[in-house]
Amino acid sequence: MGKVRTGLSVSLDGFISGPNDGAEAPMGDGGERLLAWYAGGDTEYPMPGTDMVFKVSPQTAEFLRETRETTGALVFGRRTFDLTNGWGGKHPLDVPVFVVSSSVPQEWVYEGSPFTFVTDGLESALEQAKAVAGDKDVGVGAASIVQQCIRAGLLDEIHLDLVPVLLGGGVRLFDHLGTGPIDLERTRVIEGAGVTHLTYRVVK
Ligand SMILES: NC(=O)c1ccc[n+]([C@@H]2O[C@H](COP(=O)([O-])OP(=O)(O)OC[C@H]3O[C@@H](n4cnc5c(N)ncnc54)[C@H](OP(=O)(O)O)[C@@H]3O)[C@@H](O)[C@H]2O)c1
């Protein structure tokens, strides 16, 4: 069985997007800085199955390759789905995506769609994602989904792409967690260009 883990770019002050996210600026004001590291290095990483070519450090390229190989499914919240317009039709990782929502957008329901809209809750979405992921990992996002996973004790690993910027506002990743410390064990640190990839195991 794979892990349930995050994989989000985050500012040093803990935001995964800047203020005022919306159709014009899906990552909010200044939030595009969180993704600048995809073009911050000198090693090309062509994303398989897409026409995207990232330019990153060699270590980051290896990490992106590994992430692609070990991710079997994704669970995302409806806001991210809507803001990205369904990642233009298919998530770049090219795996099934389970979108947690209170409603189903019928225009996205068609034979062979990579998206499944889950209206009976996060745990149901995670179960369905784990079933298709098999021994691979399930990636979860964005903030509201990660917070629900943590509160329910369902998150195994926190992976962050830490970006050296203070956004000052926006969508905060570790919000609404309730009281009480949650212990983490750092398991990996990868220095990239304009980013530090950090991985922590959630101690249960
Ligand atoms: N930095 C990064 O790497 C990164 C990556 C992805 C996204 N983002 C950013 O993250 C932000 C979006 O995150 P977010 O936390 O605001 O929203 P989100 O998690 O993407 O979506 C939240 C929505 O999902 C639905 N939902 C969540 N839990 C549910 C449940 N248990 N049952 C039914 N529906 C549920 C609700 O939508 P409905 O009730 O309307 O259906 C809710 O409003 C955006 O700014 C985006 O740009 C950043």
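Numbering starts at 1 and runs along the sequence shown. Indexing begins at 1, ligand by ligand and atom by atom, following the structure's order.
- The option from Gly77, Gly121, Ala152, Gly7 that lies nearest to atom 18 (P) of ligand 1, judged by heavy atoms, is Gly77.
- The contact set between ligand 1 and Thr80, taken as ligand atoms under 4.0 Å from a residue heavy atom, comprises 6 (C), 7 (C), 12 (C), 13 (O), 18 (P), 20 (O).
- A donor-acceptor pair shorter than 3.5 Å can be found between the side chains of Thr71 and Arg5.
- Ring centroids of Tyr45 and Tyr38 are separated by 6.0 Å or more, keeping the two rings apart.
- At a 4.0 Å heavy-atom cut-off, ligand 1 touches Pro26 through the backbone alone.
- Note: Phe115 and Trp87 have parallel aromatic rings, judged against thresholds of 30 and 60 degrees for the angle between ring planes.
- Polar contact with ligand 1: present for Ala143 (N/O pair, distance under 3.5 Å).
- Looking at atom 26 (N) of ligand 1, its nearest protein heavy atom turns out to be Val100 O, 3.6 Å.
- For atom 14 (P) of ligand 1, the nearest non-hydrogen atom of the protein is Arg79 NH1, 3.9 Å.
- Ligand 1 places these atoms under 4.0 Å from at least one heavy atom of Ser17: 45 (O).
- Taking a distance limit of 4.0 Å, we find that atom 42 (C) of ligand 1 is approached by no protein heavy atom.
- The protein non-hydrogen atom at the shortest distance from atom 19 (O) of ligand 1 is Ser144 OG, 2.8 Å.
- For atom 5 (C) of ligand 1, the closest heavy atom belonging to the protein is Leu8 CD2, 3.4 Å.
- Of all protein heavy atoms, the one lying nearest to atom 3 (O) of ligand 1 is Ser9 N, 2.9 Å.
- No path of Ile, Leu, Val, Met, Phe, Trp and Tyr side chains, each step under 4.5 Å between heavy atoms, connects Leu34 with Val171, placing them in separate hydrophobic clusters.
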For this session: Walk me through it: do Arg79 and Asp21 pass the test salt bridge (Lys or Arg N to Asp or Glu O under 4.0 Å)?
Result: CA-CA 10 Å; Arg79 285 197 71 232; Asp21 60 2; 2.8 Å; yes

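- Contacts with ligand 1 closer than 4.0 Å are made by no heavy atom of Val10, backbone or side chain.
- In terms of protein heavy-atom proximity, atom 10 (O) of ligand 1 is closest to Ile16 CD1, 3.3 Å.
- Partners of Phe63 under the ring pair (Phe, Tyr, Trp, His ring centres under 6.0 Å) rule, at least two apart in sequence or in another chain, are His159, His197.
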Problem set entry | Stepwise side chain to side chain contact (heavy atoms under 4.5 Å, CB included) test for Thr196 and Val189 | CA-CA 7 Å; Thr196 307; Val189 179; 3.9 Å; yes

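- Counting protein heavy atoms only, atom 24 (O) of ligand 1 is closest to Arg78 N, 2.9 Å.
- Under the 3.5 Å distance criterion, the side-chain polar atoms of Lys136 are matched with a main-chain donor or acceptor of Glu69.
- Aromatic ring centres of Phe54 and Trp37: separated by at least 6.0 Å.
- Considering both main-chain and side-chain atoms, Leu35 never comes within under 3.5 Å of ligand 1 through any nitrogen or oxygen pair.
- Salt-bridge check for Glu66 with Arg188: passed, with a basic side-chain N closer than 4.0 Å to an acidic carboxylate O.
- Side chain to side chain, Arg33 and Ser11 fail the donor-acceptor criterion of an N or O pair below 3.5 Å.
- What sits closest to atom 40 (O) of ligand 1 on the protein, heavy atoms only, is Ser102 OG, 4.1 Å.
- Only the side chain of Asp21 comes within contact range of ligand 1, with a heavy atom under 4.0 Å; no backbone atom does.
- Close approach to Ile145 involves these atoms of ligand 1, each under 4.0 Å from a residue heavy atom: 19 (O), 27 (C), 28 (N).
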